[in-house]
Amino acid sequence: MSEKIKVGIIGSGNIGTDLMMKIMRSPYLEMSVLIGIDPHSEGLKRASDAGIHTITNGIDGFLEQPHLADILFDATSAKAHEVHVQKLEGLNKRLIDLTPAAVGPFVAPTVNLLEHIEKPVVNMITCGGQATIPIVRAIGDVQTVEYGEIVATIASKSAGPGTRANIDEFTETTANAIESVGGAKSGKAIIILNPAEPPLIMRDTVLCLLEEEVKDEQAIIDSVRQMVDKVQQYVPGYRLKMDPIIDGNKVTVFLEVEGLGDYLPIYAGNLDIMTAAGVKVGEEIAKSLIEKGERV
Amino acid sequence: MTKVLLTEVALRDGSHVVAHQFTKEQVRYVTEMLSKANVPFIEVTHGDGLGGSSLQYGFSKVHDIELVEEAAKVAGDSKVSVLLIPGIGTISQLKDAHAAGARMVRVATHVTEADVSKQHIETARNMGMETIGFLMMSHSAPPEKVLEQALLMESYGAHAVYVTDSAGAMLPSDVRDRISLLRKNLKIDIGFHAHNNLSLAVANSLVAIEEGATRIDGSICCLGAGAGNTQTEVLVAVLERMGIETGVDLYPMLDLAEYVRNDILPHPQDITTGSLVMGYAGVYSSFLRHANVAAEKVGVDARDILVELGKLNVVGGQEDMILEVASEIAREKVGKI
C-alpha cells in the first residue's frame with residue numbers, strides 16, 4: 001500500500017499515545033502529527049522521538065498548519081471536543097471522536113461502520129460500549145432485545161483522570177448507545193473500578209432480557225460467537241469467558257478484553273478496544289477517500 | 001462526650017435482604033415510626049444505591065425515587081437520605097431524589113477510588129444537601145490509604161466521611177487504627193458503618209465512637225446485607241447505658257423492631273455460614289443472597305463461591321462475578337468426575 005491518508009491526534013494522554021502506536025502500524029493511515037497542550041507529556045516526547053510532528057499549543061497550533069492531517073482523532077475530553085468541532089468547521093477535516101461527547105453519530109465498527117462513513121464527525125461511544133454493544137446487537141439479530149444492560153469492570157490503573165472526573169458520561173453515553181446502536185428498547189450501563197494487584201484484565205458482562213422466551217438457544221450462541229470473531233479481527237484479545245448462559249428470556253454473556261500492551265500493559269483492554277475501534281474506523285474512512293481519489 | 005448521630009439504613013441496606021422488594025406501605029410505616037423515635041437520618045434507596053435497580057443487582061419492586069417520595073411525606077423532623085455509587089447512579093438521578101425530598105446523600109466509592117465522587121459531592125453540596133463520603137470495603141486498604149482517600153472527599157466538600165466495613169471483616173483494632181488516624185487529620189465529622197458478619201458490629205461501633213466517630217449506621221433487627229449491620233435498637237440501648245446521647249427513644253424502636261421481625265424479615269438475621277465466611281474472607285456483604293441463588297442453580301457450595309470471590313479481590317458491585325465463578329467451580333467439579 002503506497003497511498004496513505006495523513007492523520008493527526010488531538011490529546012497526548014493514554015488514549016492519544018496508544019492510538020499513535022497503532023496508527024504507526026496502519027497500512028492506510030500515516031501518523032503525521034500529535035497535538036497536545038503539555039510539552040512535557042510522555043506522549044509528545046515519544047512522538048518527537050519517532051520523528052512525528054508535534055504541536056504543543058493544542059488545536060490553535062494545528063489551525064496554523066492544517067495541511068498536516070486530513071483525519072483527526074480527538075482523544076481529549078467531551079468539553080474540549082465541542083470546542084474542537086467549532087474551530088475545525090469549514091476546514092473539511094474528518095473527525096473521529098474518542099471522548100464521550102456524543103456530538104457525532106455513535107459508531108461500533110462491527111455494527112454500523114459504513115452507515116456513517118461520510119459524516120464529518122463520528123463518535124466512538126465508550127470503551128464499555130465498544131466491548132458490549134456488538135453483543136447486544138448479535139443477540140438482537142436473533143430475537144428482539146427488550147432491555148440491554150452492561151457491566152464493565154476495569155483495572156483502577158487503566159482509568160485516567162478524564163474518565164474519573166466524568167464517570168456519569170460513561171454510564172449515560174453507553175446506555176444511550178445500547179439503545180441506538182445495540183438496538184435494545186432500553187439500555188443501562190454500570191462501570192466498576194477494581195484496584196486489585198496485579199491489575200485485572202477488563203471484563204464485561206452483557207445481560208439482556210428478550211421480548212419473548214428464547215426459541216433457539218443455538219442460534220443465539222452462534223450469533224454471539226460470530227460477533228466475537230468479527231471484533232477479534234481488530235482486537236485480538238477480545239474473547240468469551242464461557243458460552244452465553246440462557247435462562248428463559250434472559251441471556252448473559254461474559255467477556256474479557258486483553259489489550260495488545262502498546263502503551264499501557266495488557267490489562268488495559270478498555271484502552272485498546274477504544275483505540276483499535278478508532279483506528280478501524282479511521283482506516284475505513286481513509287480507504288473510501290483513497291477510492292474516490294479525493295483528499296479532503 | 002458529643003452527641004452521636006444515627007443513620008437507620010434498614011430501608012436501604014435491608015433492601016438486599018428482601019431482594020429489593022420493599023413496598024410503599026412498608027417504607028411509609030417504617031419511616032413514620034423511625035421519625036417518631038427521633039432517628040435523625042433515614043436512608044431509603046435500592047441496596048446498591050440510586051439506579052441500582054438492574055439485572056446485575058435485582059430489579060426494585062418500586063422505583064426508589066417513589067420510595068424516597070413516600071418516606072419524605074412522613075419523615076417529619078428526620079432527614080431522608082439516599083445512597084449514590086458513582087458508576088451505578090448518576091447526578092441526574094440524585095437531582096430526582098432531591099426533588100422527591102431527599103435531604104442527605106452518601107456518595108460511595110470503593111476505598112481506593114474516592115476521586116470518582118468529586119462531581120457528585122460538589123453537586124450535592126450545591127443543592128444544599130447534607131453530603132457524606134462513604135468509603136466502602138475500608139478493611140481492604142491500610143489506614144494511611146483510607147486517610148488519603150478521606151482527605152480527597154473532604155476537599156470536595158463532604159460534611160463527613162464514613163469508614164465503611166462493607167464486608168463485615170474488620171476487627172476492633174482495624175476500626176481503631178482507621179478512625180483514630182482520620183480523627184487526627186480531618187476537620188469534618190467521621191462516621192462508621194458496620195456489618196455483623198463476625199458478630200462485632202456493636203463492639204466495633206463502640207470502638208469507633210471511642211476514637212471520635214460521631215455518626216454511626218444501624219439497621220433495625222439487623223435488616224441489612226450479610227448478617228445485617230449494627231442492630232440499631234441494641235446500639236441505642238447500649239449508648240443510653242453508657243450515657244452517650246443519641247436523641248433516639250428506645251421504646252418506639254423496640255416496637256418497630258417487632259414489626260420488622262414479623263412483617264418484613266424473610267428469615268431471622270442470624271450469622272449464617274455464608275455471612276460468617278464473608279466476614280472471614282472479606283467479601284462484600286450484598287453478595288450473600290446472589291451467592292446462595294447461584295449455588296443452588298449450578299449445584300455448588302456457596303462457601304466455595306464466596307471464598308473464591310475473596311481470593312479474586314472482587315469489589316462491591318461485581319455481582320456478575322458470582323454466577324461466573326459458580327459456573328467455573330461447577331465445571332471443575334464435572335471435570336474431576
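Since this is a predicted model, take the numbers as computed values, not measurements. In what follows, every chain begins at residue 1, and chains take the letters A, B, ... in the order their sequences are listed.
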Relative to chain B, which of [options] shows the most heavy atom pairs under 4.5 Å?
options                        : answer
A:M242, A:K241, A:R203, A:E172 : A:R203
A:T205, A:L207, A:N194         : A:N194
A:D247, A:T252, A:L209, A:T171 : A:L209

- Given a strict heavy-atom distance threshold of 4.5 Å, which part of A:F170 is in contact with chain B: side chain, backbone, both, or neither? neither
- Which bit of A:A189 is near chain B, if near means a heavy-atom gap under 4.5 Å: side chain, backbone, both or neither? backbone
Would you find more than 12 non-hydrogen atoms of other residues, nucleotides or ligands less than 6.0 Å from [X] atom [atom1]?
X      : atom1 : result
B:E296 : CD    : no
B:R303 : CZ    : no
A:I37  : CD1   : no

For the backbone of [Y] and the side chain of [X], can you confirm whether one donor and one acceptor N or O come within less than 3.5 Å of each other?
X      : Y      : result
B:K118 : A:R164 : no
B:D115 : A:P161 : no
A:E149 : B:Q56  : yes

- Query: What residue in B:G51, B:A141, B:S140, B:G87 has the most heavy-atom pairs under 4.5 Å with chain A?
  - Reply: B:G87
- Heavy-atom distances under 4.5 Å only: say whether B:V314 touches chain A with side chain, backbone, both or neither. backbone
- Query: Which bit of B:T112 is near chain A, if near means a heavy-atom gap under 4.5 Å: side chain, backbone, both or neither?
  - Reply: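 For B:T112, the side chain is the part near chain A, not the backbone.
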- Message: For the CD1 atom of B:I91 and the CG atom of A:N166, what is their distance to the nearest 0.5 Å?
- Response: 9.0 Å
- Query: Between CE of B:M321 and CD1 of A:I192, what distance do you get to the nearest 0.5 Å?
  - Reply: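 Rounded to the nearest 0.5 Å, the CE-CD1 separation comes out at 10.5 Å.
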Which heavy-atom pair separates [X] from [Y] by the least distance, and what is that distance?
X      : Y      : answer
B:V315 : A:P195 : CG1-CD, 3.7 Å
A:I167 : B:P86  : CG2-CB, 3.8 Å
B:D320 : A:F254 : O-CE2, 3.3 Å

- Go through A:D168 and B:Q119 one step at a time and tell me if the side-chain hydrogen bond (donor to acceptor under 3.5 Å, both in side chains) criterion holds. CA-CA 9 Å; A:D168 285 9; B:Q119 277 189 329; over 6 Å; no
